[in-house]
Amino acid sequence: MSRLRSPETATALLPRDTPVQLVTAAGEHTPDPAYAIPTDDELIRAYSSLVTGRRINDQCNALVRQGRLAVYPSSNGQEACQIAAALALRETDWLFPTYRDSVAIISRGVAPAEAMVLLRGDWHSGYDPHEHCVAPQATPLATQLLHAVGFAHAAKLRGEDTVVLAMCGDGATSEGDFHEAMNFAAVFELPVVFFVQNNEFAISVPLSRQTAAPSLAHKAIGYGMPGQRVDGNDVAALLAVLGEAVDRARAGAGPTLIEAHTYRMLAHTNADDDTRYREHEAVQAWTGRDPLTRVRTLLRERGLLSDEAEAQFTEAAERTAADLRATMHAEPEVDPADLFRHVFAEQPAMLDAQWRMLQDEIDRTEADA
C-alpha cells in the first residue's frame, strides 16, 4: 500500500515547468538530460504510422461528408499522441481509448473498418477487445478511466505484468470519474498510465475555464503519483515519456499521470462549429508545430528517410484509406432481430411482443414486394 510522503519527497512527483521536448517544431533534436531520443528504427516506424494516421483522419472526414459515418471526432494534429500510445505498449498490455482515439486503436492492430463501426452507428463496437487488448471506445467522458483501473487491479491480483494505458482529454479531468480513478490507482499502486491529451478545448470550453492548476499534470501530486508534461506534437518525446511510465508501472511502482500539450486542429466533431469559440489565427498558429513535419525533417536531415521510403509509406497509407473507403461504401446487411437479440439474456414478454409485431410487419412488407 502507498505510504504518506514527506513534503521533500512529494516535490519529486511534480512535473517540469516546461513540457519535455526532444524534437523542436523545426525538426531539430534537442537533447534532454533525463530522456534519450528513440532509436532510428523506432522513429521511422513512428513516422510511417503518423503518415497512415493522418490519411485515416482525412479519409474519415470525407466519409462523414458522404454520409457513410454518422460522426467522426478527428485527431488531426494529435496523431503523435495516438501513435505513441500504441507503440509504447506490449501486445499483451491494454489500451483504454476515448471516442477520439481511432488512430491509436488502428495502430494497435484493429482493422480500420472495424474501428469505424461504432462511429457509423452500429449497435456494437466493431472489434473484439480481447483479440487486440483494446477496450471499446468510450463516448462518455472519463468512464473508461474507471474501467481501466478496475482492469489493472484485476491484473495485479492475478500476478500478471500487464500495463494499462488509459487515454482521456482535458475535458475528462473535470469529471468525478477522473478523480475516483486516479485516487484508487494511486492507493492500490496499480499499473496504470493516465494519458491526458490536452488539446486546449473540451468541445467549446477552453482549458482556462476548467482548472486553475498550473497544469493538468500538477494534479498528480494530490494523489501521490508522479506527473509529467510532454510536447504532444513531438512523437519522440512522447515515446520516451510514455515508455518510462509504462516501464515504471510494469516494475510495480504504480501509476503515472502524463499531460501531452497538443491542439485540436479541426472541430470537435462534424457537428461542431468551432468558429464560434476560437479564432482562425489561433488554429493556424499550430500549423508550424505539425507532428508529421517535424519528425520528417529530423529523419531527412539524418539521412534516414529516402524518397523511396517516403513513397512506400504514402502508398501504404493510401491502401489503408482505399480499403476503409470500400468497406464503408458497401451497404451493410442489417438484421432487425439484432435490435432484440442482445438486450436481455432471457427476453421479457414485453420485448417479445414488440419483436412479434415487427416480424409481422416485415413479413407483410416482403409479401407485398
Side-chain angles (χ1 to χ4, degrees), residues 1-20 32-35 81 84-85 88-89 93-96 98 135 141-198 207 210-230 232 237-238 240-261:
M1 300 294 288
S2 298
R3 298 291 184 264
L4 295 177
R5 293 181 169 89
S6 67
E8 294 79 11
T9 305
T11 57
L13 304 179
L14 288 171
R16 294 186 180 184
D17 293 333
T18 58
V20 177
D32 186 276
Y35 296 98
C81 294
L89 299 175
D93 294 333
W94 273 74
L95 180 73
F96 279 72
T98 74
L141 292 188
T143 56
Q144 76 280 3
L145 303 183
L146 295 173
H147 303 157
V149 168
F151 193 99
H153 193 200
K156 182 175 181 178
L157 292 175
R158 290 194 294 259
E160 300 171 355
D161 69 346
T162 302
V163 173
V164 176
L165 195 152
M167 303 180 75
C168 69
D170 49 290
T173 66
S174 299
E175 297 287 331
D177 289 354
F178 173 82
H179 159 74
E180 295 173 10
M182 293 274 290
N183 193 59
F184 193 97
V187 169
F188 289 94
E189 297 181 332
L190 300 181
V192 184
V193 177
F194 296 97
F195 184 34
V196 182
Q197 297 176 79
N198 176 9
L207 184 67
Q210 296 184 67
T211 182
S215 76
L216 295 176
H218 277 80
K219 294 179 180 291
I221 191 173
Y223 300 100
M225 71 175 72
Q228 189 57 278
R229 304 170 69 194
V230 60
L238 285 161
V241 172
L242 285 171
E244 178 191 58
V246 168
D247 290 344
R248 180 178 181 276
R250 201 181 312 279
T256 302
L257 172 63
I258 296 173
E259 176 187 8
H261 294 264

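None of these values were measured; they are calculated from a predicted model.
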Could you list the donor-acceptor pairs under 3.5 angstrom formed between side-chain atoms of residues 172-182 and any protein atom two or more places apart in sequence or on another chain?
unit_1, atom_1, unit_2, atom_2, d
Thr173, OG1, Asp170, O, 2.6
Ser174, OG, Gln210, OE1, 3.2
His179, ND1, Tyr223, OH, 3.1

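Note: Leu242 CG to Leu89 CG = 8.0 Å, rounded to the nearest 0.5 Å. In this structure, CD on Glu244 lies 3.5 Å from OH on Tyr35, to the nearest 0.5 angstrom.
In terms of modelled atom types and a separation under 3.5 Å, the side chain of Glu259 and the main chain of Ala217 share a donor-acceptor contact. Here the side chain of Asn198 pairs no donor or acceptor atom with the backbone of His261 at under 3.5 angstrom. A donor-acceptor pair is defined here as one N or O able to donate and one able to accept, closer than 3.5 Å; no such pair exists between the side chain of Arg250 and the backbone of Thr162.
Residues Pro191 and Arg248 fail the side-chain proximity criterion, which asks for heavy atoms closer than 4.5 Å. Counting heavy atoms from C-beta on, the side chains of Cys168 and Phe194 never come closer than 4.5 Å. Looking at heavy atoms from C-beta onward, Val193 lies out of side-chain contact with Leu257 at the 4.5 angstrom threshold. Phe96 has its side chain within reach of Val164: a pair of non-hydrogen atoms, C-beta onward, lies under 4.5 Å apart. Counting only heavy atoms from C-beta outward, the side chains of Asp32 and Arg16 approach each other to under 4.5 Å. The side-chain heavy atoms of Phe151 and Gln144, taken from C-beta on, include no pair separated by under 4.5 Å. Here the side chains of Met225 and Leu13 are not in contact, with every heavy-atom distance at 4.5 Å or above.
Closest approach of Gly232 and Cys81 over heavy atoms only: O-SG, 3.4 Å. When all heavy atoms of Ser215 and Pro15 are compared, the pair lying nearest together is OG-CG, 4.2 Å. Summarising the geometry of Val192 relative to Ala148, their closest heavy-atom pair is CG2-O, 4.5 Å, with the distance given to 0.1 Å. Taking each heavy atom of Ile221 and Ala10 in turn, the nearest pair found is CD1-O, 3.3 Å. Among all heavy-atom pairs drawn from Leu145 and Ala166, the shortest one is CD2-CB, 3.7 Å.
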Which is it for Phe195 and Leu238 under the side chain to side chain contact (heavy atoms under 4.5 Å, CB included) test, yes or no, and what are the steps along the way?
CA-CA 10 Å; Phe195 184 34; Leu238 285 161; 3.8 Å; yes
Decide side chain to side chain contact (heavy atoms under 4.5 Å, CB included) for Thr18 and Arg229; before the verdict, give the C-alpha distance in whole Å, the side-chain angles of both, and the deciding distance to 0.1 Å.
CA-CA 7 Å; Thr18 58; Arg229 304 170 69 194; 5.5 Å; no
Start with the C-alpha gap between Val230 and Ile258, add the side-chain angles, then the distance that decides, and say whether side chain to side chain contact (heavy atoms under 4.5 Å, CB included) holds.
CA-CA 7 Å; Val230 60; Ile258 296 173; 3.8 Å; yes
Decide side chain to side chain contact (heavy atoms under 4.5 Å, CB included) for Thr98 and Leu141; before the verdict, give the C-alpha distance in whole Å, the side-chain angles of both, and the deciding distance to 0.1 Å.
CA-CA 8 Å; Thr98 74; Leu141 292 188; over 6 Å; no
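The existence of a salt bridge linking Lys156 and Asp161 is excluded, since no basic side-chain nitrogen approaches an acidic carboxylate oxygen closer than 4.0 Å.
In this structure, His153 has no side chain to side chain donor-acceptor pair (under 3.5 Å) partners at least two apart in sequence or on a different chain.
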